[in-house]
Q: 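First, the structure itself, so that you have it in front of you.
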Amino acid sequence: MKNCEKEFSSVVDDWIEAYKHNKDVALLDLINFFIQCSGCKGVVTGDMFRHMQNSEIIRRMTEEFDEDSGDYPLTMAGPQWKKFKYSFCEFIGVLVRQCQYSIIYDEYMMDTVISLLTGLSDSQVRAFRHTSTLAAMKLMTALVNVALNLSINMDNTQRQYEAERNKMIGKRANDRLELLLQKRKELQENQDEIENMMNAIFKGVFVHRYRDAIAEIRAICIEEIGVWMKMYSDAFLNDSYLKYVGWTMHDKQGEVRLKCLTALQGLYYNRELNSKLELFTSRFKDRIVSMTLDKEYDVAVQAIKLLTLVLQSSDEVLTAEDCENVYHLVYSAHRPVAVAAGEFLYKKLFSCRDPEEDGIMKRRGRLSPNANLVKTLVFFFLESELHEHAAYLVDSMWDCATELLKDWECMNSLLLDDPLNGEEGSVASNVCNMKIVSQIAHKIQL
């Protein structure tokens, strides 16, 4: 992949030199690149580029498009087409990265490209719409990265300016202050231009295509907005953007719902972002909980994993009823669902160890720190009233609670010893404990 990036860097360098020599010829090459990557054999001529509007060019290309096969590069099967998609996206990122210090601010190159992609993304031809939406979303992602770097540079410049201004008059360098002021002004102007470009792509492409009739196109939009919110949270992690993910969690296609959940996981994983997610969580938590029962197992698994991250971010967000809805899934016949629910159960009931237990970690048997955890597991099993399914419970927690489930000495002591003063003991709990122990033994033998 690194070799590909080097190749793209060389190609983009050559294109930049061509652009400096003749903007129109270089842009014509770029326009035809997007047209041909869509699977269209038509060619935009110099005459068309100079004298026709984008809508006219797209109409002409549509007339020359062979839609009989229905196939186009992004939908082709095979490793070479998978590589094509990666290369296509990578090229756009490299193009913006290497043009970010000059060309993208010339009010010609980016305006032309964004206008073309916006027009193509509204085409009735699926190949044009799909390819241009992917290009526009990757272009937006590259611009978000530029905007983030500009923001960081502006903050650094501002700090330098204030540090210099706060010096004593005799030690203050006025020429340096002037340079810093000028630099800050240029950065702000660049930031404003980048924001205008991002707004044009967001309003011209994303807002229309996130609800496209084609699921793949909707999925592209949701995946990329997740990247923007994670990459530049100060600008994008707010309810103006989060609402699109929330609404799309009701999408009729599982692959799109899945993209919503994975995008949100990237946000909830970072605890520093929790405060910015509070309103979204309160509005859409019930929907996420309901998705643990999604008809698509992959979606259900990711919904449970997302709730596990929500649980780790705050122990107060999920109600007892919310948790109960996940707990019973440890008995699911679909193992990935059960394992995800087992991890949720472990995080909620077992992972919060009393700090006082740190000093007694070396105690063994019924006095070991695991003793109370084993009892909690047995009581959970009792309350579930699914006493013929101990194997499901053990298997669901095997990966996340191996140390607990293999503490034989603790379990043997709990089975053999009499209850201590003030401690409840029952035949039922011992029977359930024995069932769990027998399933653990069976699991180890496997």
Q: When you look at CD of E321, are more than 12 heavy atoms from neighbouring residues, nucleotides or ligands closer to it than 6.0 Å?
A: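 No.
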Q: Can you check whether W81 reaches P73 side chain to side chain, under 4.5 Å on heavy atoms?
A: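 Yes, at least one pair of side-chain atoms sits under 4.5 Å.
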Q: Is any side-chain heavy atom of K285 less than 4.5 Å from a side-chain heavy atom of V310?
A: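 The answer is no, as the side chains (C-beta and beyond) never meet within the 4.5 Å cut-off.
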Q: Residues in salt bridge (Lys or Arg N to Asp or Glu O under 4.0 Å) with R159, at least two apart?
A: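 With sequence neighbours excluded, R159 shows a salt bridge (Lys or Arg N to Asp or Glu O under 4.0 Å) to no residue whatsoever.
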Q: Using atom types as modelled and distance alone, determine if a side-chain donor or acceptor of D395 lies under 3.5 Å from a backbone N or O of A391.
A: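 Not confirmed, D395 side chain does not pair with A391 backbone.
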Q: Quick one: closest heavy-atom pair of G119 and I58, and the distance?
A: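 Looks like C-CD1, 3.4 Å.
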Q: Is the F202 to Y244 ring centre distance short of 6.0 Å?
A: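 Distance test on ring centres: under 6.0 Å, yes.
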Q: Taking all heavy atoms of A127 and all of F65, pick out the closest pair and write down the distance.
A: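 Heavy atoms only, the tightest pair is CB-CZ, 3.5 Å.
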Q: Quick one: does V11's side chain get under 4.5 Å of V94's, heavy atoms only?
A: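 Of all side-chain heavy-atom pairs linking V94 with V11, none is under 4.5 Å.
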Q: One thing to verify: whether K276 and D234 come together as a salt bridge, which I'm taking to mean a side-chain N less than 4.0 angstrom from a carboxylate O.
A: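 Salt bridge: yes.
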Q: Locate the shortest heavy-atom distance separating I194 from A147; write the atom from each residue and the value.
A: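 Heavy-atom minimum between the residues: CG2-CB, 3.9 Å.
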Q: Side chain to side chain donor-acceptor pair (under 3.5 Å) between S9 and Q98: does it pass, once the steps are laid out?
A: CA-CA 8 Å; S9 294; Q98 292 185 211; 3.0 Å; yes
Q: Working to the nearest 0.5 angstrom, can you tell me the gap between L279 CG and K243 NZ?
A: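 Going from the CG atom of L279 to the NZ atom of K243 covers 12.0 Å.
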Q: When you measure from the side chain of S123 to the backbone N and O of V125, does any donor-acceptor pair fall under 3.5 Å?
A: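 Yes.
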Q: Taking the basic N atoms (NZ, or NE/NH1/NH2) and the acidic carboxylate oxygens, is any pair closer than 4.0 Å for E255 and K259?
A: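 Answer for the salt bridge query: no.
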Q: Would you give the length of the straight line joining atom CD of E224 to atom CD1 of I220, rounded to the nearest 0.5 angstrom?
A: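 Separation between the atoms: 8.0 Å.
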Q: Please assess C323 against F344 for the test side-chain contact (heavy atoms from CB on, under 4.5 Å), listing each intermediate value before the final yes or no.
A: CA-CA 9 Å; C323 294; F344 179 91; 3.9 Å; yes
Q: How many angstroms lie between atom CZ of R184 and atom CG of L187, to the nearest 0.5 angstrom?
A: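 Between R184 CZ and L187 CG, I get 10.0 Å after rounding to 0.5 Å.
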Q: Can you tell me how far the CD1 atom of I222 sits from the CZ atom of R257, to the nearest 0.5 Å?
A: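 The CD1 atom of I222 sits 13.0 Å away from the CZ atom of R257.
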Q: What I'd like to find out is whether the side chain of D155 reaches to under 4.5 Å of the side chain of S151, using heavy atoms alone.
A: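 D155 vs S151: side chains touch.
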Q: What are the two closest non-hydrogen atoms of G254 and V299, and how far apart are they?
A: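 Closest approach of G254 to V299, heavy atoms only: O-CG2, 3.5 Å.
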Q: Do L237 and L277 have side-chain heavy atoms sitting under 4.5 Å apart?
A: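 Yes, their side chains come closer than 4.5 Å.
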Q: Looking at side-chain heavy atoms only, is the closest gap between L264 and M249 below 4.5 Å?
A: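 Yes, their side chains come closer than 4.5 Å.
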Q: Is there a donor-acceptor pair closer than 3.5 Å between any side-chain N or O of T292 and the backbone N or O of V289?
A: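 It does hold such a pair.
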Q: Between D192 and Q188, does a side chain to side chain donor-acceptor pair (under 3.5 Å) hold up when you go through it step by step?
A: CA-CA 6 Å; D192 292 343; Q188 184 61 60; 3.0 Å; yes
Q: Out of curiosity, E343 CD to I304 CD1, how far, rounded to the nearest 0.5 Å?
A: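 Between E343 CD and I304 CD1, I get 10.5 Å after rounding to 0.5 Å.
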Q: I'd like to know whether V245 forms a side-chain contact (heavy atoms from CB on, under 4.5 Å) with M229, so could you lay out the CA-CA distance, the side-chain angles of the two residues, the decisive distance to 0.1 Å, and finally the verdict.
A: CA-CA 11 Å; V245 181; M229 290 188 290; 3.8 Å; yes
Q: Quick one, R129 and I214 - any side-chain contact, counting heavy atoms below 4.5 Å?
A: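 Yes, at least one pair of side-chain atoms sits under 4.5 Å.
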Q: Checking D122 against H208 for the side-chain contact (heavy atoms from CB on, under 4.5 Å) test, could you report, in this order, the C-alpha distance in whole Å, the side-chain angles of both residues, the deciding distance, and whether it holds?
A: CA-CA 8 Å; D122 197 39; H208 302 287; 5.7 Å; no
Q: Could you give the distance from CG (L309) to CG (L261), rounded to the nearest 0.5 Å?
A: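 Taking CG in L309 and CG in L261, the distance rounds to 11.0 Å.
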Q: I'd like to know if the side chain of R218 reaches the main chain of D212, judged simply by a donor and an acceptor atom lying under 3.5 Å from each other, with no hydrogens or angles considered.
A: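 Judged by distance alone, yes, a pair lies under 3.5 Å.
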Q: Checking N54 against L120 for the side-chain contact (heavy atoms from CB on, under 4.5 Å) test, could you report, in this order, the C-alpha distance in whole Å, the side-chain angles of both residues, the deciding distance, and whether it holds?
A: CA-CA 9 Å; N54 273 332; L120 287 170; over 6 Å; no
Q: If you count every heavy atom of other residues, nucleotides or ligands that lies below 6.0 Å from E272 atom CD, does the total exceed 12?
A: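 No - once you tally the heavy atoms of other residues, nucleotides and ligands closer than 6.0 Å, there are 12 at most.
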Q: In terms of side-chain heavy atoms, does S10 have a donor or acceptor partner in D13 at a distance below 3.5 Å?
A: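 No donor-acceptor contact under 3.5 Å links the two side chains.
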Q: Measure from the ring center of F33 to the ring center of F88 and say whether it is less than 6.0 Å.
A: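 That pair passes the under 6.0 Å test.
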Q: Kindly say whether N196 contributes a backbone atom to a donor-acceptor pair with the side chain of N199 at under 3.5 angstrom?
A: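 No, N199 side chain to N196 backbone: no donor-acceptor pair under 3.5 Å.
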Q: Check S121 against G204 and note the closest heavy-atom contact, atom names and distance.
A: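 S121 and G204 have their closest heavy atoms at OG-O, 4.2 Å.
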Q: Do E278 and N274 get their side chains close enough for a donor-acceptor pair, meaning under 3.5 Å?
A: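 Note: E278 and N274 side chains miss the donor-acceptor criterion.
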Q: If you take all heavy atoms of S332 and A338, which pair is closest and at what distance?
A: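 Nearest heavy atoms, S332 then A338: O-CB, 3.7 Å.
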Q: Would one find more than 12 heavy atoms of other residues, nucleotides or ligands at under 6.0 Å from atom OH of Y108?
A: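 More than 12 within 6.0 Å, yes.
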Q: Evaluate the ring planes of F236 and W228, with Trp represented by its six-membered ring, and classify them as parallel (under 30°), tilted (30 to 60°) or perpendicular (over 60°).
A: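 Rings of F236 and W228: tilted, 30 to 60°.
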Q: Do the non-hydrogen side-chain atoms of T131 and F34 ever get within less than 4.5 Å of each other?
A: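 No. Closest side-chain heavy atoms not under 4.5 Å.
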Q: As a test of understanding, state which of V113, V144, I114 forms a side chain to side chain contact (heavy atoms under 4.5 Å, CB included) with I201.
A: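 Result for side chain to side chain contact (heavy atoms under 4.5 Å, CB included) with I201: I114.
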